[in-house]
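Here is the structure we will look at, set down as structure tokens.
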Amino acid sequence: MNFVKLTGASLLFLKKVNGKFIAELRSYILSSKTYDDFFLEVNTIGNNQNENNSNFSIEYLGVEDIFAVIGPIGNGALLGRTTIWEQTEDDAKEYLVPEDKYTYVLGQKDVTPKWYLLTGIFHVTEKVKSNSKIIFCLSVLSADITRDIYKNALSLFQSEKFIDRLIFSDYENFDITNLKFIGIEDIVKIPGDIFNKFPFENINKEFNSTEEIVDLLATEEEIKFFFE
């Protein structure tokens, strides 16, 4: 089966607001296919967002993470995945949130979406407990075709095509017969075009110092390994 494989990256920014040190991660879908092109692309994106005034500053620091984006370029793309090991199915269910508590319901009433970012929860049960794990998968659906976003998100994550993308992205060699869809952790509105350099995810966290934030950066070896 043929898949479109793109590069994704989470870029790290240092925000200073009223004496507070805040790390902001902005995740992008990129066009880069080589190590050199990757750095040219992310540095262009990051450096263009630097700001500095009396009450607020934001500085691009570098790449926090690099990951595969598995197409199609559009609805249902797999925008990276995160694994938590030594987790039971009951552990996975603890991440479930009622539909009326999702971000797009509670905190984004005035946002007009172009896309919806979906976080799906899967669990893999293995005989050895330490090998059992939760997999969080990010995907998107266009607001143009999505009337019942929750119903469509459920259908997407349980579809054969999405499961195929998840298997294609796997580097942990899990047994597909042990994979179970648990549910949806969150749905978020995205107001811009994520396939044209608009971030599909923004995460902010306060730290005690600049040094703690710099420590989050990926190493050069980790980034090079992705392109090998």
Side-chain angles (χ1 to χ4, degrees), residues 8 10-11 13 15 17 20 22-29 64-65 67 69-125 132-166 169 178-196 198-207:
S10 295
L11 307 189
F13 296 83
K15 293 200 301 188
V17 184
K20 296 179 179 180
I22 300 171
E24 180 175 356
L25 292 178
R26 301 178 184 178
S27 298
Y28 295 87
I29 299 169
E64 186 269 345
D65 192 19
F67 48 89
V69 174
I70 310 300
I73 302 175
N75 289 302
L78 173 60
L79 309 183
R81 45 180 282 179
T82 301
T83 300
I84 304 178
W85 296 88
E86 298 187 43
Q87 300 288 302
T88 66
E89 186 175 321
D90 287 340
D91 291 331
K93 291 178 180 177
E94 292 182 5
Y95 289 93
L96 292 173
V97 176
E99 183 182 357
D100 62 355
K101 302 295 184 182
Y102 290 152
T103 299
Y104 87 101
V105 175
L106 291 180
Q108 295 185 303
K109 293 181 179 180
D110 296 328
V111 177
T112 301
K114 289 184 179 293
W115 295 89
Y116 286 94
L117 179 68
L118 322 168
T119 304
I121 306 170
F122 291 81
H123 185 263
V124 180
T125 302
S132 295
K133 58 205 171 204
I134 301 171
I135 303 175
F136 296 93
C137 298
L138 296 181
S139 189
V140 288
L141 286 173
S142 170
D144 294 337
I145 65 168
T146 308
R147 295 183 179 179
D148 188 337
I149 180 59
Y150 180 71
K151 179 179 179 181
N152 281 281
L154 289 174
S155 297
L156 168 66
F157 284 126
Q158 296 176 87
S159 68
E160 182 178 349
K161 289 183 178 180
F162 188 83
I163 298 300
D164 286 342
R165 288 170 206 139
L166 180 55
S169 72
N178 297 330
L179 179 69
K180 182 177 181 180
F181 174 62
I182 302 300
I184 297 172
E185 184 189 27
D186 201 7
I187 299 176
V188 179
K189 293 178 181 178
I190 307 173
D193 185 358
I194 62 173
F195 293 98
N196 190 26
F198 190 91
F200 64 81
E201 186 176 42
N202 288 67
I203 299 174
N204 289 267
K205 184 177 179 179
E206 186 175 345
F207 286 82

Nearest heavy-atom neighbours spanning Val111 and Pro191: CG1-CB, 4.1 Å

Asp186 (side chain) donor-acceptor with Leu118 (main chain) under 3.5 angstrom: no

Closest contact, heavy atoms only, Ile134 versus Ala92: CD1-CA, 3.5 Å

Exam field: side chain Lys189 to backbone Tyr116, donor-acceptor pair closer than 3.5 Å: no

Pairwise side-chain contact, Ile22 with Lys205, heavy-atom cut-off 4.5 Å (strictly under): no

Least distance between heavy atoms, Gly76 atom then Leu156 atom: CA-CD1, 3.7 Å

OG on Ser159 to CG on Asp164, rounded to 0.5 Å: 8.5 Å

Glu99 and Lys101 ion-paired at < 4.0 Å: no

CD1 on Ile194 to CD1 on Ile29, rounded to 0.5 Å: 4.0 Å

Within 6.0 angstrom of Leu106 CG, more than 12 heavy atoms from elsewhere: yes

Whether over 12 other heavy atoms sit under 6.0 Å from Lys114 NZ: no

Minimum heavy-atom distance Phe157-Phe122, with the two atoms named: O-CZ, 3.5 Å

Nearest-0.5 Å distance that lies between atom CZ in Arg165 and atom SG in Cys137: 11.5 Å

Approximate separation, where rounding is to 0.5 Å, of Glu24 CD and Ser10 OG: 11.5 Å

Shortest non-hydrogen contact from Ala143 toward Pro113: CB-O, 3.3 Å

Ring centres under 6.0 angstrom apart (Phe198, Trp115): no

Parallel, tilted or perpendicular, as decided by the 30° and 60° cut-offs, for the rings of Tyr150 and Tyr102: tilted

Heavy-atom pair with the smallest gap, counting every atom of Ala153 and Ile184: CB-CD1, 3.5 Å

His123 (side chain) donor-acceptor with Ser132 (main chain) under 3.5 angstrom: no

Worked check of side chain to side chain contact (heavy atoms under 4.5 Å, CB included) between Tyr95 and Val97: CA-CA 6 Å; Tyr95 289 93; Val97 176; over 6 Å; no

Euclidean distance, Leu25 CG relative to Asn204 CG, rounded to 0.5 Å: 8.0 Å

Cationic tip of Arg26 above Phe13 ring, under 6.0 Å, 45° of axis: yes

Flag side-chain contact, heavy atom, 4.5 Å: Val188 against Thr119: no

Minimum side-chain heavy-atom gap Glu64-Leu11 below 4.5 Å: no

Criterion salt bridge (Lys or Arg N to Asp or Glu O under 4.0 Å) on Glu86 and Lys133, from CA distance to verdict: CA-CA 6 Å; Glu86 298 187 43; Lys133 58 205 171 204; over 6 Å; no

Thr125 (side chain) donor-acceptor with Asn178 (main chain) under 3.5 angstrom: no

Pairwise distance CZ(Phe195) to OH(Tyr28) - rounded to 0.5 angstrom: 15.0 Å

Candidate pair Val140 and Asn75, rule side chain to side chain contact (heavy atoms under 4.5 Å, CB included), full reasoning: CA-CA 6 Å; Val140 288; Asn75 289 302; 6.0 Å; no

Student check: side-chain heavy atoms of Ile121 and Leu96 closer than 4.5 Å: yes

Close side-chain approach of Arg81 to Leu138, heavy-atom, < 4.5 Å: no

Stepwise side-chain hydrogen bond (donor to acceptor under 3.5 Å, both in side chains) test for Asn152 and Ser155: CA-CA 5 Å; Asn152 281 281; Ser155 297; 5.6 Å; no

Side-chain touch Ile135/Val124, heavy atoms, less than 4.5 angstrom: yes

